[in-house]
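Data first, discussion second: the structure below is written as structure tokens.
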Amino acid sequence: MGRRTYSLNVARGAASEMQNNVWAYVVPPVAAVANLILSGVLSLVWGAYAEADTWQTAWRSGLILACAAAIVATTWAVGRARKIELRFASLLMSSGSCVGLFVLTFRGWTRDSVMVYLIVMACASVLLALTKLMRGNGDDARTGLFGELGERVKELQDIGATGRSKAIDGRVVTPITMVAGGDFDTLAKPEVRRSIASALNVPAGGVRMVGDRNSVRTGQMEVSPVDTLENPPAWPGLSAPGGSIADPIRLAVYQTGKPLPLLLPGDPGEGRNAVGVLILLGQSGSGKTEFQLFLAAEARSRRDAEVVYIDARKGKQLPAAFRNSMHLMITDTDEAEEYLAGLIPDVSRRADQMGAHGHEQWTAGCPRCPKFKVVIVDEASKFIIEAEEDLVELAESIRSVGIFMLLGVQRATGDRMPTSVRSTTGGAICMGVKDAAEGARVLSEETIAAGADPGWKNSKPGALYAEIPGTDPDDWSLPARTFKPDRDAVIGELVAYLTSIGEYVTAAGEPEASHDAGAPAVPVPAGEPGEVVDDDDDPECPPLPIDPECEPDPDPRTPLTVPNRRRIDLSIEPETDQRFSPSQIREIMRQAIVQHRDAGVRQIKPSSFAQVVEVVGEEGLRPPTITKILGEFCEPARGPLLRRAADRGVYVILDDPAAQPALVGAAT
Ligand SMILES: Nc1ncnc2c1ncn2[C@@H]1O[C@H](COP(=O)(O)OP(=O)(O)OP(=O)(O)O)[C@@H](O)[C@H]1O
């Protein structure tokens, strides 16, 4: 008795309430009968059958009238929140009781008066019972289309106001404004989000509360009814092969279907910082390796990036074609430590190089900046612990010199990820971990408070939350997922691209990595600042358009060294004070290359033209000019006569100027 059970099924948009409380139905008729008995007793001792004088009758009836008025008024007031049916039935019940009590007490019982009383009270009891049975409590939160959700919404209305909901990208977005003095964050509590998720029967992570950064009172509730990340999207291919590393890298897709862009360099124009060090947290099996492979392949396919992949644990298990595609692949712990230690002096070298031409930070498209360096360190915990100071120093300094470092870790506990390192990182990506608390080690409080819960463990590999510069902070608590892994396709496309630009060559049938690390981002125009450029104004030889597929030498300012080896007679005699036009210089160099080829020489370097320099003179053929001209000879428009070899600053002389460059297996 007295137990109530609810069964709620909001998913069907209906709710029902079963009432086992029989008192609710018994009390009204019993009370009506008790009231009748009471009126009989009162009529004998106080009312119609008592020998009362006028004064006694007056004050007794006055008292009963006052009590009756109080009962009727209270019934009316209390029933205000109830539906009109219940209010009417309860008012009929109480007023019927009061009128009946008064009339039967002071007029005496007649058959008609008793029958009228009984009929009215029976009617009121039936109405009450019906209302109870059919409409629950008969109040506004009665079972209905939204069941208890209506009650929750009503509660919400007491503390704030909801705006009109909109469906955006598969989510239902509802603006909420709290009452003055209210705090939107109270809605972001996990228990509130969970009860809303439960009421709506959506996944726990399907309810986000995104606060307004400019107001503590306003925000929006986002409900994602369907988990669109259940099936990861198919890999759409490399996002910008041959493009700049400054172009967004497409690695994952938000739950809303929007791509998650990864922008590694900074952009002062847009007020965006370079990422510098990025932490990738995820337990074993959460999809870190696939993420790193995607990222490495994407970065390697950008013309101005140099990619170093460090995986001392299972690097040797990675496909050979992938390993050979990297500029530098390190699979040995000692070598990795040595490399990371060497990055510190590299930072100051790069800073000097950029500072020399007045750049405060790495700038996309700058011909004098070194290539953007992408260093991916899988299983980085070991290095983080052993080289904490070095990593802190790197994290503080690499951002501006065009280095990005990804540190992949499985745990981010204090012993594996010191606060000193965590506080200097420029972003974090959290894949599946044990629970939200583990994720909170790398994600911000706001992200977790808004509803981010990366506790997928390894049940949803590739699912992640990303806090990275260049993304909307409102999206930091929005889950995303990497593309469905397809290593063969990723590596195949990368190798095809590298082959097409001559940076993936094979020797004896085995792929070889190209090693042009440190080369300038784009071809360097001839001449230093202030120096007279020798041929730009020459109408006979307009400068060729810059071809990203044929990059110049790493550092064209390196002075030429004349090797001690057999010279080839070019049959050109130096003429005193003779000045060569740019087109003549090119012709002489072309002849030199052809003669080298005829003599069986397969590769040349800028230093191979020492004899030409003797003829033309240093003024006409400075090192940057030689580099530029050699670059031009790689152009399809100029033959091509050469193609860049895997080794830095080395060019392969092509047998047939019309031959396609960079065929796999071509001689090096
Ligand atoms: N987006 C994705 N969708 C579906 N499966 C994925 C996705 N990303 C990765 N996987 C799969 O999840 C599994 C684990 O991925 P991966 O090896 O990258 O995890 P990991 O975090 O590197 O694990 P470990 O640290 O143990 O190497 C692999 O079978 C991989 O193919």
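Counting starts at 1 for both ligands and their atoms, in listed order. If you read the sequence from its start, that first residue is 1, and numbering goes on from there.
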Atom 4 (C) of ligand 1: any protein heavy atom closer than 4.0 Å: yes
Does the residue R313 have a heavy-atom contact with ligand 1, meaning some pair of atoms that are separated by less than 4.0 Å? yes
Taking atom CE of M431 and atom CD of Q410, what is their separation to the nearest 0.5 Å? 12.5 Å
Is a salt bridge present between R349 and D346, judged by a nitrogen-to-oxygen distance below 4.0 Å? yes
For atom 23 (O) of ligand 1, grab the closest protein heavy atom and report residue, atom and distance to one decimal in Å. G285 N, 2.7 Å
May I ask you to list the atoms of ligand 1 that are less than 4.0 angstrom from any heavy atom of Q283? 21 (O)
Among E338, R313, K382, find the one that has a side chain to side chain contact (heavy atoms under 4.5 Å, CB included) with T333. K382
Ligand 1 and T289, any nitrogen or oxygen pair closer than 3.5 angstrom? yes
F372: which of D304, T363, V401, L264 passes side chain to side chain contact (heavy atoms under 4.5 Å, CB included): L264
The answer for which part of Q410 has a heavy atom under 4.0 Å from ligand 1 is side chain
Identify the closest protein heavy atom to atom 16 (P) of ligand 1: which residue and atom is it, and at what distance? G287 CA, 3.7 Å
Taking only non-hydrogen atoms of G462 and a 4.0 Å limit, the atoms of ligand 1 in range are 1 (N), 8 (N)
Determine yes or no for a side-chain-to-main-chain donor-acceptor pair under 3.5 angstrom, with E298 supplying the side chain and L251 the backbone. no
P485: numbered ligand 1 atoms lying under 4.0 Å from its heavy atoms: 2 (C), 3 (N), 4 (C), 5 (N), 6 (C), 7 (C), 8 (N), 9 (C), 10 (N), 31 (O)
Where's the contact between S286 and ligand 1, heavy-atom distance under 4.0 Å: side chain, backbone, both or neither? both
Could you check V202 against V223 for side chain to side chain contact (heavy atoms under 4.5 Å, CB included), going step by step and ending with a plain yes or no? CA-CA 8 Å; V202 299; V223 178; 4.2 Å; yes
Whether R302 side chain and D247 backbone form a donor-acceptor pair below 3.5 Å: yes
Take the angle between the ring planes of Y465 and W456 and call it parallel below 30°, perpendicular above 60°, tilted in between. parallel
Just let me know how F291 lines up against ligand 1, side chain, backbone, both or neither, with a heavy-atom cut-off below 4.0 Å. neither
Write out the residue and atom name of the closest protein heavy atom to atom 26 (O) of ligand 1, then the distance separating them to 0.1 Å. S284 OG, 2.5 Å
What protein heavy atom lies closest to atom 27 (O) of ligand 1? Include the residue and the distance to one decimal. K314 NZ, 2.8 Å
Checking contacts here: is it the side chain or the backbone of Q292 that comes within 4.0 Å of ligand 1, counting heavy atoms only? Could be both or neither. neither
Inspect the contact between K314 and E379 and indicate whether a charged nitrogen and a carboxylate oxygen are less than 4.0 angstrom apart. no
Counting each atom of ligand 1 from 1 as listed, which ones have a heavy atom of F483 under 4.0 Å away? 1 (N), 2 (C)
Step-by-step side chain to side chain contact (heavy atoms under 4.5 Å, CB included) determination, M209 to I196: CA-CA 11 Å; M209 295 288 181; I196 292 174; 3.7 Å; yes
Atom 12 (O) of ligand 1: the protein heavy-atom neighbour that sits closest, reported with distance to 0.1 Å: P461 CB, 3.2 Å
